[in-house]
Each structure stands twice: as structure tokens, then as C-alpha cells.
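Index from 1, following the sequence. Remember, it's 1-based here, ligands and their atoms both numbered in the order they're listed.
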Amino acid sequence: MPSQLSPHVSDIAPGRGALRPARSWLHSDAPSRSLNGSWRFRLSPTASVTEDFAADSFVDDGWDSIPVPSHWVLEGDGAYGRPIYTNIQFPFPIDPPHVPDENPTGDYRRHFDVPADWSDAERVVLRFDGVESLFRVWVNGVEIGSASGSRLAHEFDVTSAVRTGDNVVAVRVHQWSAASYVEDQDQWWLPGIFRDVTLIARPAGGIEDVWLRTGFDHGRGRVEAEITADAAAFPVTLRIPELDVDHVWATPADVAPLDVTGVEPWSAERPRLYDTTVSTATETIALRVGFRTVEIRGDQFLVNGSRVVFHGVNRHETHPERGRVFDEEHAREDLALMKRFNINAIRTSHYPPHPRLLDLADELGFWVVLECDLETHGFEKLDWVGNPSDDPAWREACLDRIRRTVERDKNHPSIVIWSLGNESGTGGNLAAMSSWVHARDTGRPVHYEGDYTGEYTDIYSRMYASVPETEQIGSDGARSALLNCTPAQSARQRTKPFLLCEYAHAMGNGPGAFDQYEALVRRYPRLHGGFVWEWRDHGILATAPDGTPYYAYGGDFGEVVHDGNFVMDGMLLSNDVPTPSLHEYKSVVQPVEFVFDGEKVAVTNLRHSADTSDLRFRWRVEHDGVPVASGDLEIPVVGAGESQWASLPQVAVAPNAETWLTIDATLATPTAWAPEGHVIATAQLDCSTRRPVPAVRPQADWRPGDGTLSLGIAEFTGGSLVRLAGRAVTGPRLELFRAPTDNDESPSDGVEDSDDSIAGVSSADLWRRDGLDRLTTRRVSVEHTADALRTLDKVSAANSALSVMVESVWSIEDGELELRVEIEPSRGWQAVWPRIGVRFELPDGTAPVDGAQWFGLGPLETYPDSLRAGRTGHFSATVHDLSVDYARPQETGHRSELRRLTLTSGSTEVLRIQALPDIRGRRPGFTLSRHTPQQIARAAHPYELGDSTTSHLIVDAAQHGLGSRTCGHDVWPDFALRPESRTIRLRISEG
Ligand code: IPT
């Protein structure tokens, strides 16, 4: 029986033999050797292979080599299995604590050298910073122990097993184990030794562990030290050179709090760190301390006395080639990118990251919610029966996890909240974990979202609460019960600060409504912001059958059970490219607010504690997007939470163009994360004089015709456009379809959704039901006058009596070609529409249309509920760059509020289109793409779209919003597009 050969895999104990208590991950000058590098490797399909490989004498010549750290499923080009992606589902039978006999098992071996001068070491310790999921260790054939807790550090005392000179370490790693039941996070299952392995010599008289709790109160710092060392190791010296601290504790009993003056506090905005050492005669530990005090006062979460607003992201460790293997340079760039996008907080979803990430967070400045490696989400399917969170048998495993989490990272000033884990139901083991944290660290509160009723945690937390629910939580007056709570439990939750540990699911094109949440956070002090789900897509770089590289998601590796592209829900694409949603977020959470009032502007500093002395304010005036004047704006330094008035410059208003004033707040000097001049906040003021829209010229002498004629630059055959300015063009045809976004494809939950939505049915289902993707046309009539052509079309879908009448009038107005399209739905349409637009096809001729210049909102795509990053200006882009490479192709590229569009071919202007606003001032948007919505909708990956030689221009009178229905809520009613009559009016001329 395999289970007898390998008893560990179904053992719920966290392992045997690892050192306890766990200790901090410290920068010590004690000797150490990295055991990263090339190891010998053998993969077996089951856990039942013999253990002879652990013997000293074993000959591993026939084995492969594998790098450590790595995940074996990402090495060897498929020779070692493939990654599996599941969200909540377990990829094996739910039979806790057992796992299947098919349990890929990796055996690792390497030689290492122990230097002769290590012989004075008191102990030799072998540390593993991350191994998924259960591993056993042998040194020179001696079994040392076993451990689970994949994203946690495990240290073993190997003193008695090692010898000076050559040694062999052997490690057996099982992909599946009892621990897999508590590591059911929404991510790829990636087995292997994926973090560093280090051999450490512990000196006699060294420091086992140190914890410097560094508080701040009105300019004074306080150091409370906990030194774990033998009495004989003393005296211990604390040095903080910049603060003139050079303090000696002669004995353990002398260790007492120290008050320090002249301290600058640490904050995410001004991450002031002080280089510090703690030393004995034989060992020096280097730390970078930051002084800050975390406090909950009533329903406010404060750091150094000021309320914190989390503009955060959920950050997984993921890389398209390395998986969860840490790359410090990439991580630093990742965090710098967050800072450039006004992100100030990270939730380490859903496990502790590589320890160096927290050094970077301390240094660059982030509020961190540090989460334990715990998720039992798959038990939800069983109504939480057997959930490890509430089974005393699992208590020690749960406690071991939180102890390792807190102990490893306790010194970081950036960590302001401990989180027990994610989506693990609720129960006594979670309560026990919380009690342990409360006893161990009185300086940081405990978070766990699943404690819905607030029995054992300090913060009220929800994920994906709707805008109305968030408002209900924020507003004091609410008497009604909160979700999942009785009135008394609700009252208890209302006494706490609130945060959205996950919100605004950024899957595919979306989410909408960042700004609605932010408005509530501004309004209700109890609301402390939240963490967008999530920072980046987890795509894995793969190669399509035709050799094209692409980013794979669930199912692409032939998994039996998987969750498709639900792992592609970041604001960053897998290749590090920010999506428009990240730009939107940056604008919504910008830390400086401008409110224009006549000749003045009120500038409000929304930061936690930093003033605006690091900023410079620039203004510019543009006429129809062309810069005409610019300068600096003199604004006195604004303290955090304060406002100042400043005078606006004299703006020269153009009589025949739009006049816009733009103000940018930029960095006055370079920082560790952005160059000087980097824009952190922007506002625009429309100073234009109103210009009337020309009325439609009445034409009376319409008569039936065959529709074959020329009008200015347009040529028609049988009433249909065939050429514009000499180039082949077809259209316009009514386009009501968009390639469904992931949100469009998500079923309604029947709660707080658009009217006419059906529980369990997606908007895209309704669009397909109504045939929006397969509309057909019947030409009802063709008429002319001397200088105009009018067609009337009835557009409808097979087996549907619903229709849209489309009247198109082509005429010459003021010497220019004008197209006016009137779109009128029949009665009876039920569901929202994705768009109301017209589509033109521009096949490649001699000068293929491959780009656009436009005056309108830009530079990136915008939708009705995601408009805040859009600026009014003049922009240009290639047809390729107009689309976002979402991992699963879908609607992309819509530019709103169009005034003028020039289609280009290389540097040549091909066609110019002016868009006239309708009576209510509404302007159309446009999309220029190589593919039709119908083609895009059929592709599951970008490479499936294929090459196209045609450009498709869609001018939309309106688009439906984006919403966040993949995990959260539908498009807010104000931004939902109901079937309605619309007019599109364009003036078209030759480029
Ligand atoms: C929520 C999870 O916490 C997160 O890990 C991720 O899976 C997210 O959903 C979706 O991408 S849980 C969900 C049931 C609300």
C-alpha cells in the first residue's frame, strides 16, 4: 500500500523535526551558504518509490538536473508534468486528509561543502524558504525531518548529520499531501522547491532571534526589543547611528524599552528607515527599522494617529516563466510600478511572499496586510463539513502556520495588519490562531474576512461588497442587519474599521465603478478603502501549435478539472503591461484633488501624513488638443488632509476650437520608484465657448432611385457605399454586438443586477439569444435627391420578430460629405445592449489603414463606468496599439467622446471624420480593430485571431458599461445601455 510506504502524505501534522519556535528571517553576518543551484532530480508518478536515494552512497548519475529554486512542472518542457489551475475546486478527490496514489513525487539530491572553519559553529541549520507541498529531508543518509506549509520557512538542525567537507542532502517532495487541503488558494498548483535553500552556521553566543518593536508618538520613537539569545551571549548592543543610539544591554534582565528623540516616523508615503544593528561578540544582525504605531480607535484604523486609506492590491507571487519563484529585480520593478500608479498598500494574497518582498515594501513604502498560508475554500462545496478550520485535529497545523507567518516577518514596519488566511470558512482553529496573534503581537490587529460576524477579529472586512452594501456599512445611521449578521452582530461589526479585502475584480476588460467606491471612502471615515482583486494576471508562457508564444490559463495544459481564465484577473497583463484598469485606478485614487471655481482652484491633499512639498504643479492650455501655453502653478505647501486655494492662469479661449486647461501634480525630484516629473494627479477644466451644432438641412424632394451615384468623395452602388475617397469601403452596417467581456459572460446572481437580468444567465447569453451577434438586413427603400441618398434598412436576427430600423442619409453639407444614421429599435427588446453603433470595413488597398489620430478622450480605452483616466486631448495610435491584448480576446479599444478622427496609413492621412454631438451633447466613441466583434468573440487566445488585412471601424453612439460581474456586481444602472433610439452624425473628408 503506498500509504504505508509514505505515511507522511496524509498526516495532518505540519511535519516533524523542524525547529520551533520559528524565528525572524534576519540579515545576519553569521556564515551561510546558499544551496540554490543545480540539483539532481528524479520525478516519480506516485509517492510509493523507495527511499534508497536518500542514502549517502546512492549513485544518481542517471538522474536529470533541475534548478533550485524552481517548480518542476515549469521545467523540462513538459517532461515533469504540467501546471494545474483551479480556483476553489480541489484537483483531486475530496477525501481529507488523503490524496490520490497518483501523487507526483520529486526526489532531489545535491552535494555541498561544509568549510573547516564551521567547526566552531554551535549549530548548523538547514533552511527551506518554500517547498510545495510536503517534503522530507535527509543529510548524509540521516533522516532529518519533514515539513509542510508551502509558503512558509522551515529550519532544521543538521549539526549532528553534517561533516566538514563533502555532504549530500536529499529531499523528497510530494505534490499532494494533507496540507493541500489547507492550501486551496486560487492559483496554479506548482510543486517543487521554489524558494531558497540555505545552510547556516549558528555561532556560539549568537542571536537566535530579535524583534524590535518600534513605535512612534509625537516625534518620539520607542524601541521595545525582544532578544532571543543565551544569557552567555550578552552583552547585546543596539546601534542606530543616525539617531545616536548606541545602547548596551549587559544581561537579559536589562533589556528594557528605549525612548529615542528626533525620530522621523515611517509611513507608506515617507518610508523613513533607520539602519540598525543588534550585536553580540559573535554575531551582528542588520535591520532597517521604521517607527510607527498602529492603533484602532473606535471604528478608525490609525497609523501614527492618522486614518489610513488603503489604495491597495492583492498581490500573488506569479511570473509567466518562473511561477512563484522569486526574482528580486522583477519584484522591485513590480512594486515601483505600483507606486507609480498611486497604489499604497498590498495584501499578500494568500500567503507570505518571499521575505525579501517585505524589505522592499519597507523601503519603497506600502501598508501591508500580511496573510498566512491558509485556504480551505474547496470545503464550501460540502457546506464546510470537515473543514480543517473547525476541526480540532487540524488545530496544531493551523497554529503552526500562523506562528511561522508572524515570527518570520514580525520586524517589518510595513506590516500593519496580520491576516489569518483566506476563504477558509470559520471555526475554532481560526479563533485560536487569532488568540495566538493577539497574545504575541499587541501592536497589530488581526484580519480575516471569513469571520463575518466579528467573533475573533479586529477589522470588519468584506470581499466584493456592492456599492449599496458598502454605503450601508459606511453610514452610521443604518439600523438594518449587515450581510450574514444578526442585528447584534451587525452592531458589533459597526464598532470596527471596515475594509474591502477584495473588490473590483479586474478580470479581462474591467472593472467599472472604482470611482463609486472611492467616493464612499471619501465620505465615510469608517471605510478604509480596500484591495483590488488583483495586481497581475497569472498567465504561463506557452507556445501555440503554430509556434506563437501566448499566456496560458486553466485548461491549456489539459487539466481534468480547471477554472479556465479566472486566473487572468489582474490590472497588469502577464507580460507586465498595465491594462487600462490600472490607469483608471491611478486616476481614481490620485492623492491630490483639484476643484475648480471660477478663476481659482482648490487643491486638497488626500494623503495620510505627507505634505505636498515633494510636488510641483504644472498647467497647460490646449486648443483642440494642440498645446498653446504652459507654466508652473504656484501652490503653497498643502498639509495632509488640508486644502489651499490657488489662482488659475489667464486662459486664452479659442473662438473656433475647444479650449482645455490641464493641471498636473508631478514629482519635483526623482524617487526610488519614479523619475522627476512623473505625474501623480491630473485635472482638466473645459474653458471652451459653446459652439452651435448645425441643424439638419431639410430635404423635400426624395424620390425612389437605384442608389448608384457619387456624392462628393463617396460612391454608392445599389444604395450601398462602395468607395470613399477612391478606396474600397463597405458599411455602415448596424453593430449591436461586442465581443463579450469576461464580465459580460458572467451569469447574473439575481441580486442588485440590471433590470431584465435572469439569475444564472449572463448578458452575453441574452445578446446571443436575441441574435445581436448575427444580425441580418433587409433594405426597405432607397431614395435620392439631387445631392443626397437615403436608405432605410430593417435589421433583425433569425427567428426573432424584434428589429431595428436604420435610416441612413448621405448628403453634401457645407461642401462636405455628411452621414446621418438614425437607429430606432422596435418595441419588445428586453435585455441591455452592448453597443449601438455602425461598422465600416476598410480592406487593405494600396494604403492600408493601420492607425488613428483623434481628438477626444484618450489615450487609452474608456467605457461609461471607467472614464476617469481619460483626458480630453489629441492622440494617435497604431491599429495594433488601440487594442489591449487581454488573455482571452474580448471587447477592447473603445475611445469615448470623439470629436475628430483621422484614419492613417503609415504617416499618410487617409480619411477624416468629424463627429457631431447630438441634441443632448452626447458624442460617439470609436473602435478601430483588425477584427470584427464576432471574430474576436470566437477566439479563446490572441493567437487564434489570426492575421487580418482589413481594418474595422465602429462608431458607437453608446456602449454598455463594464461592471464587475465576474466576481461582484453588474454594471450600475446609470451606465447600463438600454435599447433606445440614437443618432450618429459624421462629416467625412479626404485626408
Ligand atoms: C475570492 C478569493 O478570495 C480570491 O482568491 C479569488 O479567487 C477571487 O475570489 C476571484 O478571483 S473568493 C470569491 C468566492 C468571492
Side-chain angles (χ1 to χ4, degrees), residues 84-91 150-151 182-190 312-318 324 346-353 369-384 387 389 419-426 430 447-452 457 461-466 469-470 483-484 499-511 530-539 553-554 561-572 574 579 581 741-743 745-749 751-752 886-888 963-970:
I84 299 171
Y85 165 59
T86 59
N87 172 7
I88 299 169
Q89 312 183 72
F90 286 113
S150 299
R151 276 68 62 159
V182 292
E183 294 181 1
D184 187 28
Q185 291 94 347
D186 177 9
Q187 60 180 349
W188 296 97
W189 298 88
L190 297 174
V313 289
N314 280 279
R315 180 189 179 278
H316 262 286
E317 298 219 287
T318 175
R324 284 188 280 281
I346 297 170
R347 173 175 177 233
T348 68
S349 54
H350 297 303
Y351 42 81
V369 175
L370 196 287
E371 194 149 276
C372 182
D373 190 356
L374 179 74
E375 174 155 345
T376 66
H377 211 158
F379 287 89
E380 189 175 23
K381 185 180 175 172
L382 315 179
D383 285 333
W384 299 107
N387 182 16
S389 309
S419 177
L420 303 178
N422 185 60
E423 289 285 4
S424 300
T426 191
L430 287 156
H447 164 271
Y448 172 63
E449 189 267 352
D451 181 23
Y452 298 142
T457 50
S461 173
R462 290 269 298 113
M463 50 173 78
Y464 309 103
S466 65
E469 187 193 341
T470 307
L483 200 77
N484 300 315
L499 69 79
L500 287 159
C501 68
E502 291 175 28
Y503 79 118
H505 196 248
M507 184 172 176
N509 188 348
F531 296 80
V532 173
W533 189 269
E534 68 178 304
W535 170 240
R536 54 161 66 242
D537 281 1
H538 301 217
Y553 50 75
V561 167
H562 66 83
D563 286 298
N565 65 327
F566 221 67
V567 76
M568 308 298 244
D569 48 9
M571 294 196 286
L572 222 58
S574 301
T579 67
S581 69
T741 64
D742 294 312
N743 292 312
E745 286 287 7
S746 288
S748 164
D749 60 5
V751 186
E752 290 174 8
Y886 293 114
R888 187 189 70 80
S964 192
R965 220 193 221 174
T966 42
C967 195
H969 304 278
D970 198 11

Sequence neighbours left out, what passes salt bridge (charged side-chain N to carboxylate O under 4.0 Å, His left out) with [X]? Give chain and number order.
{"X": "R315", "answer": "E317, D334"}
{"X": "R151", "answer": "E132, E183, D373"}
{"X": "E534", "answer": "none"}

Donor-acceptor pair between E502 and N314 side chains, under 3.5 angstrom | no

- Task: Kindly give the heavy-atom pair with the smallest separation between G421 and R347, and that separation in Å.
- Result: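 Nearest heavy atoms, G421 then R347: O-NH2, 4.2 Å.
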
Has the side chain of D184 got a donor or acceptor atom that lies under 3.5 Å from a matching backbone atom of G378?
->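 Yes, the answer is positive, given that a donor and an acceptor are paired below the 3.5 Å cut-off.
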
Could you go through ligand 1 and list every pair where one of its N or O atoms sits under 3.5 Å from a protein N or O, giving the atom names and the distance to one decimal?
unit_1, atom_1, unit_2, atom_2, d
ligand 1, 3 (O), N422, OD1, 3.4
ligand 1, 3 (O), N422, ND2, 2.8
ligand 1, 3 (O), E502, OE1, 3.1
ligand 1, 3 (O), E502, OE2, 2.7
ligand 1, 5 (O), H350, NE2, 2.7
ligand 1, 7 (O), N87, OD1, 3.2
ligand 1, 7 (O), D186, OD2, 2.5
ligand 1, 11 (O), D186, OD2, 3.4
ligand 1, 11 (O), H505, NE2, 2.7
ligand 1, 11 (O), W533, NE1, 3.1
ligand 1, 11 (O), D569, OD2, 3.0

